[in-house]
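Side chains included, hydrogens not; waters and symmetry mates left out as well; all remaining heavy atoms used.
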Amino acid sequence: MNLNTIPQIKNIDSGNFFVLAGPCAIEGEEMAMKIAEKLVTITDKLQIPYVFKGSFKKANRSRIDSFSGIGDEKALRILRKVSETFHVPTVTDIHTNEDADKAAQYVDVLQIPAFLVRQTDLVVAAANTGKVVNLKKGQFMSPESMKHAVQKVLDCNNENVMVTDRGSMFGYQDMIVDFRGIPTMQQYATTVLDVTHSLQQPNQTAGVTGGRPDMIETIAKAGIVVGVDGIFIETHFDPANAKSDGANMLHLDYFEGLMTRLVAIRKTINQF
């Protein structure tokens, strides 16, 4: 996939990796705009191609009382406002076939959640919109098996597809990243490393997912060294009070420092 196919994406000739970053969920307009402004400023400064990420709803919650969203249309309109205000592309995840057409009216990239990546009808619905499709590798799937998910998109005459590694299950309540999977999946499509979800620690007893945000920089650096095409990071100015996935999000204050170090690493790697 050529990054040029993503509307409004900038800095694609910089030689940098690209970044999908933003809050786990859209909690409101003010928070989304605040985070977007900061991320756009940083990525422009460092010449990193950037896509704003935000889920318009969270359908894959552990408990029925977990936050699921502020309303589909309201959240999607906020994503559109972010794009129009800051002139950046946006990505959101979808969970049903109906979501595909609805979200495609507002965002530039449709993301298939890891738990749903084998749902053929959902992948086809996303592909048929003509939008860029980001397929998140299931925690239960091998890197090699992702070629079949990619092929489903290609068979819909849509070549705008990328895959995202978000770790693999390690026992019942931990994740691990097998970096051998990155070059494997790059044979099939542009490949992204989801740093923050790879550090989740699902807590099936309490129904609240934990995480290891202290390891974000370690995993991100390793991904850049291996040569991943893009990095996916969820970030928030107040992770402790975020309504979804706060336990494994990067604090917004640390984003610029991390990106600066990753850019330096990529610059070095590009010399070889």
Side-chain angles (χ1 to χ4, degrees), residues 3 6-56 58 70 75-93 106-111 132 134 136 162 164 166 192-199 211 213 216-217 219-221 223-224 228-246 248-266:
L3 285 184
I6 303 178
Q8 300 193 87
I9 196 161
K10 297 173 285 188
N11 303 310
I12 58 175
D13 296 324
S14 64
N16 279 326
F17 50 91
F18 65 97
V19 172
L20 295 83
C24 178
I26 299 298
E27 301 170 9
E29 182 177 315
E30 183 178 355
M31 66 83 68
M33 299 296 282
K34 178 178 179 179
I35 294 172
E37 182 176 21
K38 181 88 173 204
L39 296 179
V40 170
T41 299
I42 294 168
T43 52
D44 279 349
K45 175 183 176 180
L46 297 173
Q47 293 190 301
I48 300 172
Y50 173 60
V51 182
F52 178 83
K53 184 270 167 184
S55 296
F56 76 97
K58 301 298 296 182
I70 60 173
L76 287 167
R77 285 195 297 269
I78 290 171
L79 283 165
R80 175 186 281 170
K81 183 170 182 178
V82 166
S83 181
E84 293 175 346
T85 301
F86 300 106
H87 308 291
V88 293
T90 54
V91 54
T92 198
D93 19 22
Y106 296 90
V107 303
D108 305 293
V109 181
L110 299 178
Q111 182 168 282
V132 176
N134 183 23
K136 300 196 80 173
M162 54 185 169
T164 294
R166 50 96 73 239
V192 178
L193 176 61
D194 181 345
V195 177
T196 46
H197 284 106
S198 295
L199 294 167
I216 288 174
E217 182 154 342
I219 298 297
K221 285 178 174 177
I224 296 299
V228 75
D229 300 301
I231 292 287
F232 180 109
I233 292 182
E234 289 186 341
T235 182
H236 197 287
F237 50 82
D238 187 11
N241 291 301
K243 295 184 181 296
S244 178
D245 276 2
N248 53 271
M249 276 200 276
L250 177 71
H251 196 292
L252 191 59
D253 288 348
Y254 302 146
F255 189 84
E256 182 170 2
L258 175 59
M259 290 300 111
T260 300
R261 292 185 285 278
L262 296 183
V263 167
I265 293 171
R266 177 49 59 91

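- Nearest heavy atoms, His197 versus Arg166: O-NH1, 3.3 Å.
- For the side-chain contact (heavy atoms from CB on, under 4.5 Å) with Val107, the qualifying choice from Val82, Thr92, Val51 is Thr92, the only one to do so.
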Which donor-acceptor pairs under 3.5 Å do side chains of residues 9-19 form with protein atoms, sequence neighbours excluded?
from: Ser14; atom 1: OG; to: Asn11; atom 2: O; distance (Å): 2.9
from: Ser14; atom 1: OG; to: Asn16; atom 2: N; distance (Å): 3.2
from: Ser14; atom 1: OG; to: Gln47; atom 2: O; distance (Å): 2.7
from: Asn16; atom 1: ND2; to: Leu46; atom 2: O; distance (Å): 3.1
from: Asn16; atom 1: ND2; to: Gln47; atom 2: O; distance (Å): 2.9

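- Judged by distance alone, the side chain of Thr235 and the main-chain N or O of Leu250 form a donor-acceptor pair under 3.5 Å.
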Audit row: Ile48, Val263, side chain to side chain contact (heavy atoms under 4.5 Å, CB included) steps and yes/no: CA-CA 8 Å; Ile48 300 172; Val263 167; 3.7 Å; yes

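- To the nearest 0.5 Å, atoms CZ (Phe86) and NZ (Lys81) are separated by 9.0 Å.
- Rounding to the nearest 0.5 Å places CD1 of Ile42 at 10.0 Å from CG of Leu258.
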Leu110 and Asn134: side chain to side chain contact (heavy atoms under 4.5 Å, CB included), yes or no, with the steps? CA-CA 6 Å; Leu110 299 178; Asn134 183 23; over 6 Å; no

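- Residue Glu27 holds its CD atom at 3.5 Å from NE2 of His236, rounded to the nearest 0.5 Å.
- Between the Asp108 side chain and the Thr90 main chain, a donor and an acceptor come within less than 3.5 Å of each other.
- The only option from Ile35, Leu76, Leu79 that meets the side-chain contact (heavy atoms from CB on, under 4.5 Å) definition with Ile26 turns out to be Leu79.
- Side-chain contact between Met31 and Pro23 is present, with at least one heavy-atom pair separated by less than 4.5 Å.
- Side chains of Ile78 and Ile70 form a contact here, defined as non-hydrogen atoms less than 4.5 Å apart.
- Here the straight-line distance linking atom CG of Asp93 with atom SG of Cys24 works out to 7.5 Å at 0.5 Å rounding.
- Here the side chain of Asn248 pairs a donor or acceptor atom with the backbone of Thr196 at under 3.5 angstrom.
- Arg77 and Glu29 are not joined by a salt bridge, as no carboxylate oxygen comes within less than 4.0 angstrom of a charged side-chain nitrogen.
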Criterion salt bridge (Lys or Arg N to Asp or Glu O under 4.0 Å) on Lys45 and Glu256, from CA distance to verdict: CA-CA 10 Å; Lys45 175 183 176 180; Glu256 182 170 2; 2.7 Å; yes

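- A distance-only check finds no donor-acceptor pair linking the side chain of Ser83 to the backbone of Pro89 [under 3.5 Å].
- The side-chain tip of Lys136 points at the ring of Phe232 from less than 6.0 angstrom away and within 45° of straight on.
- Taking the ring centre of Phe237 as origin, the terminal cationic atom of Lys34 falls inside the region bounded by 6.0 Å and 45° from the ring axis.
- Remark: His251 NE2 to Ile216 CD1 distance equals 11.5 Å, nearest 0.5 Å.
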Let's go through Leu20 and Ile231 carefully: what are the C-alpha distance in whole Å and the side-chain angles of both, what is the deciding distance for side chain to side chain contact (heavy atoms under 4.5 Å, CB included) to 0.1 Å, and is it a yes or a no? CA-CA 6 Å; Leu20 295 83; Ile231 292 287; over 6 Å; no

Could you check Thr164 against Leu193 for side chain to side chain contact (heavy atoms under 4.5 Å, CB included), going step by step and ending with a plain yes or no? CA-CA 6 Å; Thr164 294; Leu193 176 61; over 6 Å; no

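- Met33 is listed as a side-chain neighbour of Thr85, based on a closest heavy-atom distance under 4.5 Å.
- Listed for the Lys221 side chain is no donor-acceptor partner under 3.5 Å among the backbone atoms of Leu262.
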